[in-house]
Every structure is written in C-alpha cells, then in structure tokens.
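One structure is given here, and the rest of the page talks about it.
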Amino acid sequence: MKKQWWNNKVAYQIYPKSFCDSNGDGIGDLQGIISKLDYLKDLGVDIIWLSPIYVSPLADQGYDIADYYNIDPRFGTMEDMDELLAKAHERGMKILMDLVVNHCSDEHEWFQKAIKDPEGEYGKFFYLEHTSDPSTLCNWRSYFGGPVWEKLPGHEDYYYLHVFHRKQPDLNWENPKLREEIYKMINWWLDKGLDGYRLDAIINIKKALPFKDYPVDRDDHLAACTLMLKDATGIGELLGEMRDRCFKPHNAFTVGEVFNEKDEELADFIGDNGYFSTMFDFSETIFGQSDQGWQDNVDIKPDDYKACVFATQKRIGDIGFLSNIIENHDEPRGVSRYIKEGDQSETSKKMLATVYFLLKGLPWIYQGQEIGMENLKISSIDEVDDISSIDSYKVALEAGTSKEEALHMIEKYGRDNARTPFQWNRTKHAGFTTGTPWLRVNPNYVDINLESQKDDEHSVFSHYRKLTRLRKSEKYSDTFTYGELIPYMEDMHNVMAYYRKSQNQTILVIANYQDEEQTVPFPSTIKEVLLNNYEDCVIEDGKIALKGYQAVVFEL
Ligand code: TEU
Ligand code: CA
C-alpha cells in the first residue's frame, strides 16, 4: 500500500442542520460551523466532511439537491462557504462536501426540463419509461419503501425511476452528457479549493439493464432494489472515469459510501490506483439487518462486533486503507448500539472509543460522538422526522408488530437518533440555538453536554482528545497508522484485544467488553501504559484483571 498524506489523520463528520445555529432560526448553519473550528482543531480533527448544504427542498435532508452550485440559504451563502474553506485551511484542516450524484431533486432544473419534454435532451438525464401500463415496469422496491417508479408529473404515460425517495429521481449515468455535467460540477468545486468528497450511495449509479423483475421478497409484491446491484457490472468504468477526470488531477481526498461491494473489487475501489482514497467499513453497521424490515433485525453483541471488525481487518490486509466509524447520520448512536442496553456509562463509552479508534484505518468521529451522545426516546410516531423511520414503522405494523414495539424499534435503529442537535451546554436547547430547534434536543443534554466535559480530565470528551493525540503522537503514530493488526485472545468471550505491531514497537489494546470483571492472560512485560479508562490495572502471574468495560492500551 502506497503511503498517503491522510493516513495518519483524524476525520470528523458534521451534519450541518444539527451542529450549531448562528442566527436563531433553529437550523444549524455554516457560520455555526466556522465558530466551532477551533473546537474541532483542539479535539484533533484534520478532515471535516459536511453532509449536504446545497440548495435543496430537504425532502431527504439535503440528499435531494436542486442546485449543485449554490448553498441553501438556510445554511448560509457562498461567501460563508468560502470563509469556511479559508478558515479551515488556515488551521491546516481539510473540507469535504457530500457528492450526491446517484440522484438529484425533482426540483432540479434538469428534472423540470425533463417534465416539459420527456423525449428531449433532459429526459435522457433520467430513467424514464414510456408506458401507460405501470404493471409492465420492473418490481423493485425503493430504499424508503414503495415502488421505484413514479408517474412523471403532468404525464399519464411516463414513469421515472427513483431508488430512494420519489423526490430523488435517479440520474442516468449511461448518458455521457450527464456525466460531463457531473464532472464539470465536481471540478468547479475542486478548483474553488474544496479538498474532496464523501461519495453518497455511489454503488447505485450503475443499474442492471435492461430493467427486469427480481423475486418478490415481501408482502408488498416488490423486490429489494439492492438485488439488482449483484447483476450491475461495469461500475468501475464510471468510477474510474470520475477519478481520472476529477479527483486525480486535483489530488482530492475521497471516501466512498459503499455497501454491497464485491470482495474481488476491493483493490479496484481503494487500492493504490483505486476509485476512492478510502471507503467506510460498514460490516458492523449492517450486522443483523433483516431483509424484511427493522422489526426482524437482530441486535449486535460484543462478540459479533469483534468478529465483524476483525473479519474486515483480515479482508482488507494491505490492499488499502479503510475508514472506521461507530455511527453516522443514518445510524443510531454507536454507544447505544454497540454497548448493551442499560450499560451506557462514561467508562463503557470510553472503552468503545478505544477499541475502534486504534484499529488500522482512518478513524472518523460523528458529531456528538465525542461527548457520548445517546439515542433518543420517543413516545409517538408524530415526533419522528426521518422518512426512512416512518416507512419502517409502516412496514413493521403491516408485519404485525405492535405500535409500542414499532416505536421501540425506531428508538433503536432510526436516523433521528444521530440527527438531534449537538449538546453544547446545559442552557435551553443545549446551546444549539436561541430559537426553536428544527428537531427536538435529546432531553439528556443536562447530563451529557460538552461544557461539563471540556475541562474534566476523566470525561468521554477528554478521552477522545487523548485518543487523537495518542494516535498522532510522534512516537506512536507510525505504529497506529501502518502497524499490522493482530487479534489477541480472539476467541475469549466479551474480550476485544489486538496488537498493533511495527518493526520496533508492539502495542496492545485490551478491553473487557462487559460490565462484570474479567481476568485475561497477559502476554509479556509492559514498557508503558499509554491509555486507561480506569485509574490503574492489576497484572499478576501473567494475567490482567480487568474491571467492567475497562480498556487499556500498552506499549509492550
Ligand atoms: O445513504 C445510502 C443508503 O444506502 C441508505 O439507504 C441507508 O442505508 C439508509 O439511510 C439507512 O437508513 C445515503 C445517505 O447517507 C442518506 O442519508 C441518504 O438518505 C441516501 O444516501 C440518499 O441520498
Ligand atoms: Ca441558522
């Protein structure tokens, strides 16, 4: 693997709408982000990814873009964006935007022109089918529920494809004119000084054509649209072209949101001449997901989490450099998901932070994760904003789940969990806004907030700060970045431990992934304790006695 400038960095995802509101309209914005750059710098962040801030009707919270060249006024202006780029660069930080090009908004001018003239130039920017009989259309189910085909507004005999929401028509990547428009737009931003992109839902840009039915997999008589991804070959040509036309000439950093990749394609995706710099490891994210809906999901246990993570580490080997997360804006909070219900504490949160942060790969922090933000309790479906939760609720009820269970299911898996406003302090609305927040603040902000953790050496926040410093320290950076990862005591129940080894250093990360104490064989003598979420640890007769959720990092 060729070494890259970003290998030893720390990345951070901002969900702008919920980060910091500078003008009291209840919506986070660019000036809010600018005001927190020093905070992020101090935390140890080098690379910032912004979820979409382009002009958008916000049907899917900005993942439905109506104008790729402008900032939505709710988030600010282009001057604010230029200021953010300049101020981030002054601080040695990089800014990534979200590249959402599988689809645009139905309010984008391309789609509006397609409506006016389906057989014209812009009709070919989309997947339009000319038929008066919708039963002839293929039977795919969209990610957010219901058929992927929707009637083209104002027409009785045209349908358009949308694998996500109906307000997100899919762009036709087979059309070279569309591709040119996309490359032009990407290059426009990169020329402006943007440092790179996170590539949204990118695997979906290649459709298996011609459209055909797949075996029905639910009572709605539809088939998951992901089924077609297995048959969609040739995505490499599209991604390779985009790399060569846009990312490579700008030396841009890119991180792919890739699900359903094929094993043999890993090197093509993130090898030395890969389509992207890196991509997210979602193996633990998708663990236990049922094809039938959230109601049938299986919870992930510590041993499963460990198995997922280690399997990925083995699979990736030296092929490339993955990106490691415990949460993002589409997922529940990591501490609520990967720690047993009821066991969430400062100690267990620090344990989870330690074991994922020191893996091989680029560590990402999602806003609020660094203070241990947790999932949100809900009492009624009316409180839910997320379109995917609302659909999953419907599916669950139809499958016979009770309302109460279905709500609990949203509490566990819903996307709002990650989208509640950042908890800055104990004042009203957690200091996120002086107005009314667009989404309710998690009531636990009185206990969980940055202000109360900032100067407390033992807080979750301070632990994250220690982790970024340790990972990037002159002495250990090379081992944490490039050192081999070798699992230790891999089969021991509720223990997660691994070595990071370089030529002249051996580091051991060892964690007791349960509330009960546990004694674990200890391999050798210690040079130094680099990090510990307890005051001390007891090593005797070749064994280490670990307290509940204790995690220790040693140099051996
Ligand atoms: O998500 C892609 C994706 O595959 C989603 O269906 C994801 O599995 C789902 O959100 C989980 O509930 C990306 C974005 O991250 C997401 O926010 C967008 O809604 C989606 O693309 C469409 O742009
Ligand atoms: Ca605002």
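Predicted model, so just to flag it, every value in this text is computed and none were measured. All values below come from the heavy atoms of this structure, side chains included, with hydrogens, waters and symmetry mates left out.
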Regarding Tyr275 and Glu265, do their side chains bring together a donor and an acceptor under 3.5 Å, going by distance alone? no
Determine, for Lys192 against Asp82, whether the closest basic-nitrogen to carboxylate-oxygen distance falls under 4.0 angstrom. yes
Would you call Arg440 and Asp416 a salt bridge, taking side-chain N to carboxylate O under 4.0 Å as the test? no
When you check the side-chain N and O atoms of Thr420 and Asn442, is any donor under 3.5 Å from an acceptor? no
Heavy-atom pair of closest approach, residues Pro52 and Gly62: CB-O, 3.1 Å
Under-4.0 Å salt bridge between Lys206 and Glu174: yes
SB check Arg74 Asp25 (cutoff 4.0 Å): no
Just say parallel, tilted or perpendicular for the rings of Tyr160 and His162, cut-offs at 30° and 60°. tilted
Can you confirm whether the side chains of Gln13 and Ser51 place a donor and an acceptor under 3.5 Å from each other? yes
Between Asn70 and Asp67, do the side chains contain an N or O donor and an N or O acceptor separated by less than 3.5 Å? yes
Would you say the side chains of His408 and Glu411 form a donor-acceptor pair under 3.5 Å? yes
Answer yes or no: is there an ion pair linking Lys17 with Asp72, defined by an N-O contact shorter than 4.0 Å? no
Check Glu181 with Lys184, please: is the shortest side-chain N to carboxylate O separation under 4.0 Å? yes
So, Asp220 and Arg141, do they make that salt bridge, N to O below 4.0 Å? yes
In terms of relative ring orientation, are Phe247 and Tyr197 parallel, tilted or perpendicular, with 30° and 60° separating the classes? tilted
Lys94 NZ/CZ over Trp5 ring centroid, <6.0 Å and within 45° of normal: yes
Between Gln168 and Asn102, do the side chains contain an N or O donor and an N or O acceptor separated by less than 3.5 Å? no
Distance only, no hydrogens: is a donor on one side chain within 3.5 Å (strictly under) of an acceptor on the other, for Tyr183 and Glu241? yes
Can you check side chain to side chain donor-acceptor pair (under 3.5 Å) on Thr131 and Asp133, steps first, answer last? CA-CA 5 Å; Thr131 176; Asp133 177 9; 5.7 Å; no
Assess, by modelled atom type and distance only, whether the side chains of Ser323 and Thr278 contain a donor and an acceptor separated by less than 3.5 Å. yes
Lys/Arg N to Asp/Glu carboxylate O, Asp46 vs Arg91, below 4.0 Å: no
Does Glu327 come within less than 4.0 Å of Arg333, counting only side-chain N to carboxylate O? yes
Strictly below 4.0 Å, N to O, side chains only: are Glu109 and Lys113 in salt-bridge contact? yes
Side-chain donor-acceptor pair present, His103, Asn204, cut-off under 3.5 Å: no
More than 12 non-hydrogen atoms from neighbouring residues, nucleotides or ligands closer than 6.0 Å to CD on Gln292, yes or no? yes
Tyr366 and Glu331 side chains, donor-acceptor separation under 3.5 Å: no
Between Asp391 and Ser388, a side-chain donor and acceptor under 3.5 Å: no
Within-4.5 Å side-chain heavy-atom neighbours: Phe75 and Asp80: no
